Amino acid sequence: MAFRLFNTMSSRVEEFRPLIGKEVRMYACGPTVYDYGHIGNFRTFIAVDLLRRFLRQSGYKIRHVMNITDVDDKIIRNAARDGVSVQQYTAKYEKAFLEDAAMIDIEQPTLVRATEHIPEMAEFVTRLVERDIAYRTEDGSYYFRIAKFPQYGKLSKKDFSGMVDGARVDVDEYEKDSARDFALWKAPKPGEASWDSPIGPGRPGWHLECSVMSMKELGESFDLHAGGEDLVFPHHENEIAQSESLTGKPFAHFWFHARFLLVEGEKMSKSLGNFFTLRDLVLKGHKPSSLRYLLTSVPYRNQLNFTFDGLKQAAVSVERLRNFRLRLASGAFPAGTSSEMQSLARETADRMRAALEDDLNTAQAQAAIFEMIRRANAAFDSGAIRKDDIPPLLAVLGKFDEIFAVLHDDDAPRMKQVLEWAKAEGRDKDVTEKLQEAVQSGQLSDADIEKKVGEMEAARRARNFKVSDTLRTELVTAGIVVENTKDGVRWRRK
RNA sequence: GGCGCGGUACCCAAGUGGUAAGGGAGAGGUCUGCAAAACCUUUAUGCGUCGGUUCGAUUCCGACCCGCGCCUCCA
């Protein structure tokens, strides 16, 4: 079977194959670091993370580059408002973004920053000007001449051939030759932060950095370029125009776009009051793993409706996955193998792979793993599962987790970081009781828990239920659930 | 207006030209000192509405209704 992926350029699902060998060169548009990342941002970044993880699981080497947009109008404005430098301003939000990404197990790509590529961008513009593809306006800005790129619109399927110039032109843009021409380099307005460069002082236009940095890191043609669906036009269209008109070569082979999410059925917006950052959710007491699971449970090209009910459901689903693994890891089994369990493991691995190969159908991959869990649990209960069935079942679970990354329980310490951040930011009032409780379960060390659980078990065996119940209550209060099974006792953090 | 996507049970959500995955929630049951976990049974003659094609459509075609996205540097 081959990996089939939707390509925005062709508007269809195509077989994905790297241009060269077994190495995938991919570029993802990263955040503009002017504020904390919201759940919509993370839906996109998680989709890319899933893609990256699946490609690696499929045996590819990955060169994954992501930009940090650390200069744009909003950043310049906000930094000035706060009376700090652009660098100080963006450093804070870049750090926050990386912390958040790590919190939901997004693997970190190679990062490149716009402000660290000013000379390369100036050179790129110079080369465009030499070919008359770009031009300088009176104020010192540079624009891309769309008339020089007849294929403009091929990604977003827009037809600009009938466009008539000049009917209405924005006041700020009166110097442009054509209304559609876009800025490559913006001259500074009085008092604005700017960078010196061979093409004069100013700041890069947004699209330029991605063309320059992607080609620098990955070559003039590379395998895949990713981002949110809103980037199709104009951002990616403009990148293509700049890059291909300069190199004469196809820019990215595949274009990967994640669909926007809705919040409670509506577009997320600050005015509707349904705008949430990752930290907002954690402050409310939701686990990072719940969000990761929820965001992976709907295939990336479908609209995902984020709801708090859905987030709770996701949390329960993750619990089920974790409980199953705990059961596999801690149970006692008779020696030997069962052919049924062996084939169950094989079939599940195949189903999972087939689902993900089908344009990353995560919903089906999850259905496959839950089917396995139900059947294996039934085998547990009937005693049909054998000792040598455990490794293959665990291996399938491991494969699943290489992609979904929710089994490892690091929620409590991660939530604690958010708690500490909130205190440091003076946002104590936003810390909910639920968060406090969730952080609780990370307070006791494994050794402390083992000790208490041991005492509780001893009391239970002595049928001293009063003592054992007291210990159980203490543990529950500390966020630890103790489960007594016929194979012995086991515990987990709530 | 142009281009595109979607409407599947109480909720979330896959999917197929031949009769509806999975998760959550609910109900009943098994197990159990308590608790937890788990299993079993159960919950859409139905897949926005109306037509059409077909032996047969939720799946194809058409119309309509509703929701959503892009078309102004918002992932």
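Convention: sequence-line order gives letters A, B, ...; per-chain numbering from 1. The structure displayed is predicted, hence computed values, not measured ones.
B/C71 sits 31 Å from B/U8 when the C1' atoms are compared, rounded to a whole Å. For the C1' atoms, the distance linking B/A14 with B/A20 amounts to 10 Å, nearest Å. Rounded to whole Å, the separation between the C1' atoms of B/C66 and B/U30 comes to 46 Å. With P as the reference atom, B/C70 and B/G28 are 46 Å apart, rounded to whole Å. Atom name P, nucleotides B/A63 and B/C68: the rounded distance is 22 Å, in whole Å. Taking the C1' atom of each, B/C50 and B/C11 are spaced 28 Å apart, rounded to whole Å. Using P as the reference atom, B/G6 and B/U45 are 25 Å apart when rounded to the nearest Å. B/G69 and B/C55 have their P atoms separated by 42 Å, given to the nearest Å.
Under 3.5 Å, the side chains of A/Thr32 and A/Asp72 contain no donor-acceptor pair of N or O atoms. For the 3.5 Å distance criterion, the side chains of A/Gln313 and A/Asp309 qualify, holding a donor opposite an acceptor. Looking only at atom types and distance, the side chain of A/Asn274 has no donor-acceptor partner in the side chain of A/Glu264 under 3.5 Å away. No hydrogens or angles considered: nothing links the side chains of A/Ser211 and A/Glu239 as a donor-acceptor pair under 3.5 Å.
You'll find a donor-acceptor pair under 3.5 Å spanning the side chain of A/Lys267 and the base of B/C74, going by distance alone. A donor-acceptor contact under 3.5 Å links the side chain of A/Arg472 to the base of B/A35. Taking 3.5 Å as the limit, the base of B/A75 and the side chain of A/His257 contain no donor-acceptor pair of atoms between them. In terms of polar N and O atoms assigned as donor or acceptor, the side chain of A/Arg463 never comes within less than 3.5 Å of the base of B/G33 in a complementary pairing.
Using cut-offs of 30° and 60° on the angle between ring planes, the pair A/Phe404 and A/Phe400 is parallel. Using the six-membered ring where Trp is involved, A/Phe308 and A/Phe306 have ring planes that are perpendicular, over 60° apart on the 30 and 60° scheme. Under the 30°/60° scheme for interplanar angles, the aromatic rings of A/His38 and A/Phe275 are found to stand perpendicular. Using cut-offs of 30° and 60° for the angle between ring planes, the A/Phe54 and A/Phe3 rings count as perpendicular. Ring orientation note: the planes of A/Phe182 and A/Phe144 are close to parallel, at an angle under 30° on the 30°/60° scale.
In secondary-structure terms, RNA chain B builds stems of at least 3 consecutive Watson-Crick or G-U pairs, each pair having both distances under 3.5 Å, at B:1-7 with B:65-71, B:10-12 with B:22-24, B:26-30 with B:38-42, B:48-52 with B:60-64.
For A/Asp35, the salt bridge (Lys or Arg N to Asp or Glu O under 4.0 Å) partners at least two apart in sequence or on another chain are A/Lys270. Among residues two or more places apart in sequence or in another chain, the salt bridge (Lys or Arg N to Asp or Glu O under 4.0 Å) test is passed with A/Lys486 by none. With sequence neighbours excluded, no residue satisfies salt bridge (Lys or Arg N to Asp or Glu O under 4.0 Å) with A/Arg386. When the side-chain contact (heavy atoms from CB on, under 4.5 Å) test is applied to A/Ser317, the partners found at least two apart in sequence or on another chain are A/Tyr293, A/Phe370. When the side-chain contact (heavy atoms from CB on, under 4.5 Å) test is applied to A/Asn78, the partners found at least two apart in sequence or on another chain are A/Tyr34, A/Lys74, A/Arg81, A/Tyr89. Annotation: side-chain contact (heavy atoms from CB on, under 4.5 Å) contacts of A/Phe260 (sequence neighbours excluded): A/Glu229, A/Asp230, A/Lys267.
Among the heavy atoms of the strands lying under 4.0 Å from A/Ala378 are primed sugar atoms or P, OP1, OP2 only; no base atom is included. Using a 4.0 Å heavy-atom criterion, one finds that A/Leu294 contacts no nucleic acid atom at all. Residue contacts for A/Val482: at a heavy-atom cut-off of 4.0 Å it reaches a base atom on one of the strands shown. No contact: A/Val232 has no heavy atom under 4.0 Å from any strand. Residue contacts for A/Gly40: at a heavy-atom cut-off of 4.0 Å it reaches a base atom on one of the strands shown.
One can place CZ of A/Phe380 at 11 Å from P of B/C39, the figure rounded to the nearest angstrom. Distance A/Asp487 CG to B/U32 P: 14 Å, rounded to the nearest Å. Separating the NZ atom of A/Lys176 from the P atom of B/U72 is a distance of 11 Å, rounded to the nearest angstrom. Summarising the geometry, the separation between CG on A/Asp73 and P on B/U72 is reported as 17 Å, rounded to the nearest angstrom. Straight-line distance from the CZ atom of A/Arg490 to the C1' atom of B/A37: 6 Å, rounded to whole Å. Rounded to whole Å, the distance from CG on A/Asn305 to P on B/G67 is 15 Å. When the P atom of B/C12 is taken as reference, atom CG of A/Leu262 falls 12 Å away, rounded to whole Å. The NE2-C1' distance, from A/His207 to B/U72, rounds to 11 Å in whole Å.
For A/Ala252 against A/Leu224, the heavy-atom pair with the smallest separation is CB-C, 4.4 Å.
Environment of NZ in A/Lys451: sparse, with no more than 12 heavy atoms of neighbouring residues, nucleotides or ligands closer than 6.0 Å. Within a 6.0 Å sphere centred on NZ of A/Lys387, other residues, nucleotides and ligands contribute 12 heavy atoms or fewer.
Ring stacking is absent between A/Phe45 and B/A75, as the pair misses the limits of under 5.5 Å between centres and under 30 degrees between planes. Remark: ring of A/Phe260 overlaps the six-membered base ring of B/A75 in a stacked fashion, centroids less than 5.5 Å apart, planes less than 30° apart.
Put simply, A/Lys270 has no side-chain N or O that comes within less than 4.0 Å of OP1 or OP2 on B/C74. Taking side-chain N and O atoms only, A/Asn377 has a distance below 4.0 Å to OP1 or OP2 of B/C39.
If you check residues 98-112 of chain A against RNA chain B, you find no residue with a heavy atom closer than 4.0 Å. A heavy-atom distance below 4.0 Å to RNA chain B is reached by these residues of residues 321-332 of chain A, ordered by number: A/Asn323, A/Arg327.
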Taking only N/O atoms, report every protein-nucleotides 46-49 of chain B pair under 3.5 Å with atom names and distance.
none

Could you list all N or O pairs between the protein and nucleotides 1-7 of chain B that sit under 3.5 Å apart?
residue : atom : partner  : partner atom : Å
B/C5    : O2'  : A/Arg259 : NH1          : 2.9

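Note: A/Phe256 and A/His225 fail the aromatic proximity criterion, with ring centroids not under 6.0 Å apart. Taking the ring centroids of A/His236 and A/His257, they lie under the 6.0 Å cut-off.
Projected onto RNA chain B by closest heavy-atom contact, A/Arg375 and A/Asn361 fall at different nucleotides, the more 5' of which corresponds to A/Asn361.
Contact check for A/Arg320 versus A/Ile373: side-chain heavy atoms found under the 4.5 Å cut-off.
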Open item on the list: One character per nucleotide, please: for nucleotides 16-30 of chain B, 5' to 3', B when the base has a protein heavy atom closer than 4.0 Å, S when only the sugar-phosphate does, - otherwise.
Closed with: -----BSBS------
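For the pair A/Arg301 and A/Phe6, the cation-pi test (distance below 6.0 Å, angle within 45°) is passed.
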